[in-house]
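Heads up, the thing below is written out as structure tokens.
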Amino acid sequence: MSEQQTTDKQAPENSGASHRQRRVVVVDDHSMFRSGVKHDIGPFVTIVGEGEDVPTAIEAITRTRPDVVLLDVHMPGGGGIEVIKAVHATQPEVRFLAVSVSDAAEDVIGVIRAGARGYVTKSISAPELVEAIGRIADGDAVFSPRLAGFVLDAFSGAIDISSIDEDLDRLSQREREVLRLIARGYAYKEVARELFISIKTVETHVSSVLRKLQLSNRHQLTRWATDRKLV
């Protein structure tokens with residue numbers, strides 16, 4: 001969250017505070033971010049649940065049936081796109097607002113294509129976020145100004161939507177980092193040193209990547225990454 005927060009807990013302008021408070025689930029793999037969001041917007045919405053990865057997010061959303069889900073894009077267990085797909089399979093009425101540090105076009109287009117109603121970056125202020133939640137709940141679409149351009153470009157054909165890789169979307173940010181290094185020929189110990197993680201963690205990530213991409217070995221993984229120009 002940015003430094004532009006409401007300190008006196010006055011309802012943000014146009015927040016709809018005079019109406020029923022929106023029921024919100026907060027999904028992010030960083031507990032401090034979840035705590036900050038709940039503290040900053042808690043007086044203006046009703047936080048009914050939270051999740052830290054794909055399984056806990058799906059459980060919280062299906063159990064509470066919120067008006068809006070604040071959804072991180074990159075998380076352990078497959079990412080925000082997997083959450084949207086799983087929830088919409090049984091509860092298509094649930095509305096998602098992606099909240100991410102990433103402003104990459106592929107992330108924006110990928111999560112919108114999966115079914116999110118909006119996408120904002122984590123620099124958004126608390127009043128702006130409360131307003132965005134209300135608009136999403138009312139059926140509108142909400143985007144940070146720069147990100148709206150990506151969506152317009154996609155519809156106009158300036159961005160090739162077909163180039164957004166659904167397989168790559170299944171991987172967490174860390175898994176993508178490991179994938180790229182392995183595909184470049186790094187040994188496990190070199191990947192561990194580069195990313196400041198243990199060799200065991202590298203092995204776990206590689207196993208997860210192979211499973212999600214339905215690949216059998218490192219050679220296939222390298223060819224997969226090369227074909228997509230990731231190395």
Side-chain angles (χ1 to χ4, degrees), residues 1-2 12-17 19-29 33-34 37-38 40-42 44-51 54 56-75 78-156 159 161 164 166 169-170:
M1 301 293 291
S2 73
E13 185 178 359
N14 299 324
S15 68
H19 303 291
R20 176 181 66 85
Q21 284 194 328
R22 308 299 187 177
R23 301 174 70 255
V24 175
V25 167
V26 180
V27 176
D28 195 281
D29 62 340
F33 179 77
R34 295 197 308 272
V37 168
K38 289 188 293 183
D40 291 337
I41 72 174
F44 314 118
V45 302
T46 301
I47 306 294
V48 296
E50 59 183 282
V54 171
T56 58
I58 294 172
E59 188 280 329
I61 296 165
T62 55
R63 173 173 47 83
T64 61
R65 293 179 176 268
D67 297 312
V68 177
V69 178
L70 299 182
L71 182 68
D72 193 13
V73 175
H74 299 297
M75 299 180 298
I81 289 175
E82 292 300 311
V83 175
I84 297 173
K85 289 180 178 179
V87 171
H88 276 177
T90 58
Q91 298 179 11
E93 73 281 1
V94 175
R95 291 171 174 151
F96 290 87
L97 172 61
V99 185
S100 177
V101 295
S102 171
D103 61 359
E106 58 267 26
D107 286 334
V108 179
I109 302 303
V111 77
I112 295 304
R113 187 172 64 176
R117 295 287 303 174
Y119 195 118
V120 297
T121 61
K122 288 184 176 178
S123 61
I124 190 170
S125 70
E128 291 169 339
L129 184 56
V130 172
E131 180 180 1
I133 290 169
R135 290 175 59 190
I136 293 292
D138 289 338
D140 292 339
V142 178
F143 298 93
S144 295
R146 177 170 180 267
L147 307 186
F150 293 150
V151 179
L152 292 174
D153 287 344
F155 277 106
S156 68
I159 293 178
I161 296 180
I164 306 300
E166 289 190 1
D169 287 341
R170 296 190 182 100

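Small disclaimer: the values here were computed from a predicted structure and weren't measured. This chain uses plain numbering: 1 for the first residue, then up along the sequence.
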**OP:** Can you see which heavy atom on Y119 is nearest to which on L97, and at what distance?
**Re:** N-CD1, 3.7 Å

Subject >> Atom of R34, atom of V26 and distance for their closest heavy-atom approach >> reply: CD-O, 4.0 Å

Original post:
Can you tell me how far CZ of R135 sits from CZ of R95, rounded to the nearest 0.5 angstrom?
Top reply: 13.0 Å

**OP:** Look at the side chain of R117 and the backbone N and O of V68, then say whether any donor-acceptor pair between them is shorter than 3.5 Å.
**Re:** no

**OP:** Over all heavy atoms of both residues, which pair between H88 and A114 is shortest? Give the atoms and the distance, please.
**Re:** ND1-O, 4.3 Å

Original post:
Can you find a heavy atom in the side chain of V111 that is under 4.5 Å from one in the side chain of F96?
Top reply: no

**OP:** Decide, yes or no, whether a salt bridge links D138 with R22 under the criterion of side-chain N to carboxylate O below 4.0 Å.
**Re:** yes

Subject >> F44 and I133, any side-chain heavy atoms less than 4.5 Å apart >> reply: no

Original post:
So, for I136 and G118, which heavy atoms are closest and what is the spacing to 0.1 Å?
Top reply: CD1-N, 4.0 Å

Original post:
Of the non-hydrogen atoms in A126 and D40, which two are nearest, and what is the gap between them?
Top reply: CB-CB, 3.9 Å

Original post:
Mind checking whether L70 and L129 have side chains closer than 4.5 Å, heavy atoms only?
Top reply: yes

Original post:
Does the side chain of F33 come within less than 4.5 Å of V101's, by heavy atoms?
Top reply: no

Original post:
Between Q91 and R65, is there a donor-acceptor pair closer than 3.5 Å when you use the side chain of the first and the backbone of the second?
Top reply: no

Subject >> side-chain contact (heavy atoms from CB on, under 4.5 Å) evaluation trace for S100 with D72 >> reply: CA-CA 5 Å; S100 177; D72 193 13; 4.2 Å; yes

Subject >> P66 side chain reached by V24 side chain, heavy atoms, under 4.5 Å >> reply: no

Subject >> Minimum heavy-atom distance between D67 and A137, given as atom pair plus value >> reply: CB-CB, 4.4 Å

Original post:
In a check of side-chain contact (heavy atoms from CB on, under 4.5 Å) between V83 and each of T56, V69, I61, which one passes?
Top reply: I61

